[in-house]
Amino acid sequence: MYLCDFHTHTLVSHDSESPLPVMIAAAQKAGVQELCVTDHCDLLDGDGVPTCHFPWQQAKEQHHTYGLHAPLPVRLGLELGSIPYNPQGTREILAQAGDELDFVLGSLHNWIGAQGNRDFYFTRFGGNPTLCREAMENALTHTYTMVTQCGDCYDALAHIIYPLRYVQRDGESLTLEPFQEQVMEIFRQVAASGHALEVNTCRGRSLDEWLPILRWFKACGGEYVTIGSDAHVPEHMALGLTQALELLEIAGFSYVTTYQGRRPVPHKI
Ligand SMILES: [Zn+2]
Ligand SMILES: [Zn+2]
């Protein structure tokens, strides 16, 4: 099995305090063969305030000091949040990266055009199934915009089930099933444009729910799948990734994909 973790955070992210060498040591201990650091760069912060900045100097310094001298390959990535809110700002940030950037996750953490553009994390979904559906619809609408209009801004479509994390936290039950048509429309675009889908295990907590989603992606012609634990602390490094690889195989994928220089590199599972 090719164990790679392509969604991890360090202290460059606002919500992590983990130094890169500590995350690299955790990756090595977990048997990770290739690691990618994808620190947060959001076009909207958690409160819905527009932002447009990434500390490239800090990110590159730690990459040069620790990443390039690690006992395993460490890639320089980025998790870009809310790309469709500000595609021009996104492109400026990407241009500042130069040619060192290996991988970009395109993600959506926020409502856009509703609920004050805040992170879905702050929404209270309990007892409100209508709001749960609205959250998923809002996220899928803007994901569609991202994959159709901002293909140059991302490599892998990150955690498409993100709003469901908080729907389920608040005791409501919702899956992507009712949104299958909309999701497959997105997947056809992702596949046709040669982009990847990310299986995000959310520190080992999201696993089985990915199987039907992977099958849809396969049916849409999807070829590239990346996997990531979304670890913000060393204890969460690579959690659930072995199981994620098994799910890929069950869904009919023979390869897991990593990225180098923003180009996909398939590895036999
Ligand atoms: Zn995320
Ligand atoms: Zn993340």
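Whatever order the structure lists ligands and atoms in, that order sets their numbers, starting from 1. Computed from a prediction, not measured in an experiment: that's the story for all the values here.
Remark: N86 engages L43, C52, Q88 in a side chain to side chain contact (heavy atoms under 4.5 Å, CB included) (not counting sequence neighbours). In terms of the side chain to side chain contact (heavy atoms under 4.5 Å, CB included) criterion, residue partners of A238 (sequence neighbours excluded) are, by chain and number, D5, A30, V32, L241.
For the Zn ion (ligand 2), the count of nearby protein N, O or S atoms, meaning those under 2.8 Å away, is 4.
Taking the six-membered ring where tryptophan is involved, the planes of Y166 and Y121 are perpendicular, since the angle between them exceeds 60° and thus also 30°. Aromatic ring orientation, F187 versus F217: perpendicular (interplanar angle above 60°, classes split at 30° and 60°).
Residue pairs meeting the side-chain hydrogen bond (donor to acceptor under 3.5 Å, both in side chains) criterion with at least one member in residues 260-269, sequence neighbours excluded: D155-R262, T258-H267.
Nearest N/O/S atom of H109 relative to the Zn ion (ligand 1): this is NE2.
Counting non-hydrogen atoms of neighbouring residues, nucleotides and ligands closer than 6.0 angstrom, the CD atom of E17 reaches no more than 12 such neighbours.
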